[in-house]
Amino acid sequence: MEALVIQGGKRLNGEVAVSGAKNAVLPILAATMVQGGVYRIHNCPEISDVALAGEILESLGCRVERRGKTLRIDSRDATGTAIPAALMGKMRASVLFLGALLSRFGCASMTMPGGCPLGRRPIDLHLDALARLGASVVLWEGEILCDAPQLHGAAIELQFPSVGATENVLLAAMGCQGTVVLQNAAREPEIVDLIGFLQSMGAEISGAGTDTLTIRGGAPLRGTTYTVMPDRIEAATFLCACAGCGGEICLLGADGRHLTPVLDTLAAAGCELCWSQESITLRRLGPLKAVGEIETAPYPGFPTDVQAPMMAALLRARGSTRFSETVFERRFAHVPQLRRFGAEIELVGSAALVRGVSALRPATVTGTDLRAAAAMVVAALQAPGESYVFGINHLIRGYDNLDEKLRSLGAAVGVAAGKNTTGNFPAHGV
Ligand code: EPZ
């Protein structure tokens, strides 16, 4: 099994371009099924989740072609309404094809989606909302069978501002006769990007960025060209890495407006920040300070996806920081692994108390999900000596060329091909 080999203890310096947002491009790719057409989507990250979404589109009869960072999708001849279980189970975003298929064909069948192990992650909010739009939903032997001869308008209020459920309602509403009003909708920038894409197709949607969305169903739609927003979680990950290691980095293409709670936290920890809609610069020269409390919350709160990388960044901060995870049931799998670096972290219910230590030691660790693996990298970059991070299959799901970008900032990061007979790693790129 492959691992990243990291010679930690170096500062990070330089600039790197942020890729397109994983959590924006995935619902946008599902949206190309709503209306047969030709779509050109720019700034698509080269990550395995995007490749998987392309396989799902092809399984439904679309033609998908990558030209650099642009994907060309032709969904005019697509007729499929069933997604193969082997593809469904590999990521959470596969469930977003449900709303798109119902909108276009009035039926869909699939198994439960996969995704990072962050608790139960049911899809009840998705299915309840789709039923309110007129879909009949049957769960039978692990299959989700949906039928919607005619989707209709409705007023829906989500019990929780679920990102995925909001996206599924937006996609299904494209095929509704009538108006859909969605209250307690998610407000993440990725939702705003999906709405921008649908509007570029001709959709009539108001309320983007607020918790109330109004969609006039049945508007004539067409193929379009669109550029995906920058990945704010990738940007936050690099900011956490530099905060932990020290140095000065500039993230080109990052939009500081999307990360206010993260930037505020890093500033409180002693980092100097300068940001705009086009870039974010972070400098950390002095010691890091603990920040007391960090509580994750739906946007515009502190993003749950940054909880693990931020924890790794603050392992050597002076004082204590209490992390409360309120979005997912189980999102502290990175804690036992971070302890291997010498971190002092105490788990207390749905919170983790981090006490800063003076130094970290190298370790061999495994990332158990996408952002946990990112946290392992952030910690290993700070630990003088050679660390190994396994679970990089998670990293390639959501980070476009992470090792290459880190090397461009001065990090000593390579990929280990696997243990040889002497038990060492024939690492390269270090
Ligand atoms: C999206 O997941 C993101 N994934 C996640 O990013 C992100 O952490 C999450 O939103 C929150 O911001 C993608 O966009 C592909 P939710 P999603 O529905 O849509 C519960 C990453 O690292 N819930 O807002 O699954 C759920 O269990 C990934 O990039 C229900 O109970 O998030 C969770 O506790 C990880 N029933 C909470 O709501 C439902 O029907 C938030 O889930 C749906 C959700």
Side-chain angles (χ1 to χ4, degrees), residues 19-31 45 47-50 52-53 56 88 90-99 112-132 137 139 144 156 158-171 182 184-194 211 228-229 231-237 258-259 261-262 296-310 325-331 333-334 350 367-375 391 394-400 402:
S19 296
K22 167 178 87 82
N23 292 346
V25 70
L26 293 175
I28 285 171
L29 290 174
I47 56 177
S48 58
D49 273 9
V50 168
L52 180 59
I56 291 175
M88 269 307 291
K90 290 182 177 175
M91 69 175 175
R92 176 75 176 181
S94 48
V95 74
L96 302 176
F97 284 87
L98 188 51
M112 283 297 284
C116 292
L118 307 173
R120 285 183 311 115
R121 302 190 80 179
I123 59 169
D124 55 325
L125 301 178
H126 298 240
L127 301 182
D128 293 348
L130 295 174
R132 298 274 294 113
V137 179
L139 299 180
I144 306 163
I156 302 169
L158 293 177
Q159 291 170 355
F160 178 88
S162 156
V163 170
T166 299
E167 291 164 341
N168 248 330
V169 170
L170 280 163
L171 295 171
L182 179 63
N184 201 28
R187 299 164 52 190
E188 275 70 3
E190 293 78 15
I191 302 276
V192 175
D193 214 30
L194 172 61
D211 63 1
V228 176
M229 65 173 272
D231 193 319
R232 64 191 175 107
I233 309 301
E234 180 195 24
T237 304
H258 297 157
L259 285 171
V262 173
T296 65
Y299 194 87
F302 190 97
T304 177
D305 293 346
V306 183
Q307 181 251 107
M310 183 63 77
E325 174 55 58
T326 71
V327 176
F328 285 101
E329 293 157 355
R330 282 198 309 277
R331 197 163 197 173
H334 47 283
S350 64
T368 51
D369 61 74
L370 173 55
R371 307 307 173 182
H394 291 294
L395 284 174
I396 60 175
R397 282 189 48 217
Y399 290 95
D400 188 343
L402 179 65

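Atoms within each ligand, like the ligands themselves, are counted from 1 in listed order. The model shown is predicted, which means the values in this text are computed figures rather than measured ones. Computation of the quantities below employed the complete heavy-atom set of this structure, encompassing side-chain atoms and omitting hydrogens, waters and symmetry-equivalent molecules.
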Show me, pair by pair, the donor-acceptor contacts under 3.5 angstrom made by side chains of residues 116-124, not counting sequence neighbours?
| unit_1 | atom_1 | unit_2 | atom_2 | d |
| --- | --- | --- | --- | --- |
| Arg120 | NE | Glu329 | OE2 | 3.2 |
| Arg121 | NH1 | Cys116 | O | 3.0 |

Taking non-hydrogen atoms only, is [X] closer than 4.0 angstrom to ligand 1 via side chain, backbone, both or neither?
X	answer
Val327	both
Arg397	neither
Glu167	neither
Thr304	side chain
Cys116	neither
Phe160	side chain
Asp305	side chain

Next on the checklist: Can you confirm whether some protein heavy atom lies under 4.0 Å from atom 33 (C) of ligand 1, or whether none does?
Outcome noted: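 It does: a protein heavy atom is found less than 4.0 Å away from atom 33 (C) of ligand 1.
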Checklist entry - Heavy atom of Glu234 under 4.0 Å from ligand 1? => result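 Glu234: no contact with ligand 1 (<4.0 Å).
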Can you tell me which residue and heavy atom of the protein come closest to [atom], and the distance to 0.1 Å?
atom	answer
atom 40 (O) of ligand 1	Leu125 N, 2.8 Å
atom 12 (O) of ligand 1	Val163 CG2, 3.9 Å
atom 36 (N) of ligand 1	Asp124 OD1, 2.7 Å
atom 31 (O) of ligand 1	Pro122 CG, 3.4 Å
atom 17 (P) of ligand 1	Arg121 NH2, 3.9 Å
atom 3 (C) of ligand 1	Asn23 ND2, 3.7 Å
atom 26 (C) of ligand 1	Phe328 CE2, 4.3 Å
atom 18 (O) of ligand 1	Ser162 OG, 2.7 Å

Next on the checklist: I'd like to know if the side chain of Asp193 reaches the main chain of Met229, judged simply by a donor and an acceptor atom lying under 3.5 Å from each other, with no hydrogens or angles considered.
Outcome noted: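 Indeed, once roles are kept as given, a pair shorter than 3.5 Å links the two residues.
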Distance-only polar pair, side chains of [X] and [Y], donor-acceptor under 3.5 Å:
X	Y	answer
Glu325	Ser350	no
Arg232	Tyr299	no
Gln307	His334	yes

Item to check | Per atom 44 (C) of ligand 1, closest listed option by heavy atom (Lys22, Arg371, Arg92) | outcome: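 Going through Lys22, Arg371, Arg92 one by one, Arg92 has the nearest heavy atom to atom 44 (C) of ligand 1.
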Check ligand 1 against [X] and write out every atom of the ligand that is under 4.0 Å from a heavy-atom position of the residue.
X	value
Leu118	35 (C)
Arg331	8 (O), 22 (O), 35 (C)
Gly164	18 (O), 19 (O)
Ile123	39 (C), 40 (O)

Item to check | Euclidean distance, Leu170 CG relative to Leu96 CG, rounded to 0.5 Å | outcome: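 Going from CG on Leu96 over to CG on Leu170, the span is 10.5 Å.
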Item to check | Nearest-0.5 Å distance that lies between atom CG in Asn23 and atom CD in Glu190 | outcome: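 Taking CG in Asn23 and CD in Glu190, the distance rounds to 5.5 Å.
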Less than 4.5 Å apart, any side-chain heavy atom of [X] and any of [Y]?
X	Y	answer
Leu26	Lys22	yes
Ile47	Tyr399	no
Leu127	Leu98	yes
Val25	Pro45	yes

Item to check | Candidate list Thr304, Asp369, Thr296, test side-chain hydrogen bond (donor to acceptor under 3.5 Å, both in side chains), partner Arg331, passing option | outcome: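 With Arg331 as partner, Thr304, Asp369, Thr296 yield a single side-chain hydrogen bond (donor to acceptor under 3.5 Å, both in side chains), made by Thr304.
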Item to check | Non-neighbouring partners of Arg397 that pass side chain to side chain donor-acceptor pair (under 3.5 Å), sequence neighbours left out | outcome: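 Side chain to side chain donor-acceptor pair (under 3.5 Å) check on Arg397 returns Asp49.
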